[in-house]
Number of protein chains: 2
Amino acid sequence: MSDAENRAIARERVIESMEQSAEVYGLSRSAGRIYGVLYFATEPLSIPELVEETGYAKSTISNVTRTLTRIGLIHRRSSEGGGRRVQYSAEREIWFILQDVLQQYVQREVQTTLRTVQRAESQLPDGEDGTEAERIAALRGTYEDLQEVITLAADLSAAELREALEEYER
Amino acid sequence: MSDAENRAIARERVIESMEQSAEVYGLSRSAGRIYGVLYFATEPLSIPELVEETGYAKSTISNVTRTLTRIGLIHRRSSEGGGRRVQYSAEREIWFILQDVLQQYVQREVQTTLRTVQRAESQLPDGEDGTEAERIAALRGTYEDLQEVITLAADLSAAELREALEEYER
DNA sequence: CCGTTTATTCGGTACACTCCGAACAAACAA
DNA sequence: TTGTTTGTTCGGAGTGTACCGAATAAACGG
């Protein structure tokens with residue numbers, strides 16, 4: 001087998017893995033493949049080029065690139081050289097992406113839950129210690145810890161996070 | 001408004017929030033509600049009781065309780081007193097649940113991705129430093145950090161995790 | 001100006017998922 | 001045994017999503 005073929009196989013394996021991961025993160029397989037193709041591209045690609053590389057329909061590429069751009073997984077460089085052609089490139093710092101997910105989605109979810117729980121708690125009769133009060137208070141405690149953990153983690157790099165946990169072990 | 005009504009409203013709010021969370025975690029709304037009802041129940045509930053409390057069909061309760069049990073969100077106590085009746089109770093330690101998710105799903109996902117990336121890397125021609133090799137090596141690095149972080153975090157309680165990050169800040 | 005290339009939007013198809021109700025199976029009570 | 005209660009399984013209706021192809025819009029080159 002030639003070196004070029006080996007490279008193509010390795011690349012394809014990783015892209016397939018990205019398709020899989022995309023599904024886990026609630027995205028479509030096409031999103032995983034498009035991101036993967038851009039991840040390995042040496043220069044930004046246009047929509048027609050992505051059609052060529054992935055085999056998906058133009059409309060699919062258009063829709064998926066929009067959501068990927070919105071999430072921050074790829075970057076849109078409008079019009080290289082004044083042309084109409086739009087160029088896309090991948091955000092290759094996976095950790096940045098994960099931090100974004102942590103901040104935009106996980107933190108948001110935790111925050112709204114926490115607020116709901118707090119509002120429910122204040123709805124309860126004062127000084128009550130029934131089952132509801134107890135259970136809701138327990139929920140609030142856990143979510144407060146969670147929120148703090150996520151807020152702190154979102155400011156660290158992967159290496160720093162690793163270091164923080166490794167140091168704590170001792 | 002009576003205290004009982006206030007309690008019911010607070011409980012309902014939290015359960016609705018759990019329905020929402022369930023969707024975020026890739027479960028159905030019914031799963032969120034069933035878990036919520038069990039979370040507030042003072043004693044284990046049977047399937048007919050869950051039908052009564054949630055309004056869902058018997059078959060829905062049966063299917064959803066199975067998946068919730070498999071994931072570890074609720075516990076199944078077969079036959080209290082030798083009867084056929086099956087009893088379900090909620091795992092109320094949210095952090096245990098999150099640890100399970102971390103270990104069973106996130107860690108698994110990271111591990112398989114890492115393995116795929118490593119295999120792809122070894123597939124590449126030796127001593128090569130083309131684009132593919134570089135990009136794949138970068139991926140592997142990030143995922144190695146990630147795996148380590150998740151492994152360490154899975155062993156800590158929410159409070160410990162919080163402490164670890166707070167100590168690192170200084 | 002007109003034809004070509006590029007990007008978005010729209011309608012439609014295929015598919016998966018949620019939930020329901022009915023049928024079935026298993027255990028108990030009489 | 002027969003009737004009743006409980007739990008699971010199966011088929012189907014309704015819904016949402018992914019993707020495609022066609023129509024449309026927008027920009028450029030001649």
Side-chain angles (χ1 to χ4, degrees), chain A residues 15-16 18-38 41 43-71 73-89, chain B residues 15-16 18-38 41 43-71 73-89:
Chain A
I15 291 180
E16 276 168 11
M18 287 173 171
E19 284 182 331
Q20 184 105 5
S21 298
E23 280 189 320
V24 174
Y25 297 144
L27 298 171
S28 57
R29 293 187 73 80
S30 55
R33 174 155 296 268
I34 291 171
Y35 175 81
V37 166
L38 287 173
E43 47 188 22
L45 298 182
S46 66
I47 289 188
E49 286 166 333
L50 282 170
V51 169
E52 168 68 23
E53 290 282 331
T54 64
Y56 283 112
K58 208 177 23 162
S59 54
T60 303
I61 304 287
S62 175
N63 287 321
V64 174
T65 48
R66 184 173 48 230
T67 75
L68 285 179
T69 304
R70 182 162 43 78
I71 303 177
L73 268 128
I74 66 177
H75 302 291
R76 180 194 174 110
R77 215 158 295 175
S78 340
S79 70
E80 148 108 353
R84 172 140 171 70
R85 220 163 183 167
V86 180
Q87 309 266 32
Y88 291 99
S89 61
Chain B
I15 292 181
E16 277 167 12
M18 287 173 170
E19 284 181 331
Q20 183 106 5
S21 298
E23 280 188 322
V24 174
Y25 297 145
L27 298 171
S28 57
R29 293 186 72 81
S30 55
R33 175 155 295 269
I34 291 170
Y35 174 81
V37 167
L38 288 173
E43 46 188 22
L45 299 182
S46 66
I47 289 189
E49 286 166 334
L50 282 170
V51 169
E52 169 69 23
E53 290 282 331
T54 65
Y56 283 112
K58 208 176 29 162
S59 55
T60 302
I61 303 287
S62 174
N63 287 319
V64 174
T65 47
R66 183 172 51 230
T67 76
L68 285 180
T69 304
R70 181 163 42 78
I71 303 177
L73 268 126
I74 65 177
H75 302 292
R76 179 194 173 110
R77 217 158 294 174
S78 340
S79 69
E80 148 107 352
R84 172 141 171 68
R85 221 164 182 165
V86 179
Q87 310 265 34
Y88 291 99
S89 60

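The sequence lines fix the lettering, A, B, ..., with proteins before strands; numbering per chain opens at 1.
Contact record, Leu38(B) with Tyr88(B): CD2-O, 3.4 Å, taken as the closest heavy-atom pair. Closest of all the heavy-atom pairs between Val37(B) and Glu53(B) is CG1-CB, 3.9 Å. Taking each heavy atom of Ile61(B) and Tyr56(B) in turn, the nearest pair found is CD1-CB, 3.9 Å.
Regarding Ile47(A), its CD1 atom lies at a distance of 15 Å from the P atom of dA27(D), rounded to whole Å. With rounding to whole Å, Leu27(B) atom CG is found 20 Å from dA16(C) atom P. Rounded to a whole Å, the CD1 atom of Ile61(B) is 14 Å from the P atom of dT6(D). Rounded to whole Å, atom C1' of dC19(D) lies 16 Å from atom CG of Leu50(A). Per the geometry, CZ belonging to Arg77(B) stands 15 Å off P belonging to dG7(D), to the nearest Å. Between Glu49(A) atom CD and dT5(C) atom P there is a gap of 15 Å when expressed in whole angstrom units.
With sequence neighbours excluded, the residues forming a side chain to side chain donor-acceptor pair (under 3.5 Å) with Ser89(A) are Arg77(A), listed by chain and number. A search for side chain to side chain donor-acceptor pair (under 3.5 Å) contacts involving Ser46(B) returns Glu49(B), Arg85(B), not counting sequence neighbours. With sequence neighbours excluded, no residue satisfies salt bridge (charged side-chain N to carboxylate O under 4.0 Å, His left out) with Glu52(B). Annotation: side chain to side chain donor-acceptor pair (under 3.5 Å) contacts of Ser62(B) (sequence neighbours excluded): none.
Crowding of Gln20(A) atom CD: a count of heavy atoms from other residues, nucleotides or ligands under 6.0 Å not exceeding 12.
Picking from dT9(C), dA7(C), dT6(D) the nucleotide with the shortest atom distance to the side chain of Arg85(B) gives dT6(D). Minimum atom distance to the side chain of Tyr56(B) is reached by dC19(C), of the listed dG7(D), dC19(C), dA7(C). Nearest nucleotide to the side chain of Arg66(B), out of dT9(C), dC20(C), dT9(D): dT9(D).
Shown for residues 18-26 of chain B: no residue has heavy atoms falling under 4.0 angstrom of DNA chain C. Residues from residues 28-37 of chain A placing a heavy atom under 4.0 Å of any atom in DNA chain D, listed by number, are Ser28(A), Ser30(A).
Note that the CD1 atom of Ile74(A) and the CG atom of Leu68(A) stand 4.5 Å from one another [nearest 0.5 Å]. Here the NE2-OG1 distance, from His75(B) to Thr69(B), works out to 9.0 Å after rounding to the nearest 0.5 Å.
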Got a list of protein N/O to nucleotides 21-24 of chain C N/O distances below 3.5 Å?
| unit_1 | atom_1 | unit_2 | atom_2 | d |
| --- | --- | --- | --- | --- |
| dG21(C) | N7 | Ser59(B) | OG | 3.2 |
| dG21(C) | O6 | Ser59(B) | OG | 2.8 |

Tell me which donor-acceptor pairs under 3.5 Å the side chains of residues 22-36 of chain B have, and how far apart each pair is, sequence neighbours excluded?
| unit_1 | atom_1 | unit_2 | atom_2 | d |
| --- | --- | --- | --- | --- |
| Glu23(B) | OE1 | Arg29(B) | NH1 | 3.2 |
| Ser28(B) | OG | Ser30(B) | OG | 2.9 |
| Ser28(B) | OG | Ala31(B) | N | 3.4 |
| Arg29(B) | NH2 | Glu19(B) | OE1 | 3.2 |
| Arg33(B) | NE | Glu19(B) | OE2 | 2.7 |
| Arg33(B) | NH1 | Glu12(B) | OE1 | 3.4 |
| Arg33(B) | NH2 | Glu12(B) | OE2 | 2.8 |
| Tyr35(B) | OH | Glu91(B) | O | 2.7 |

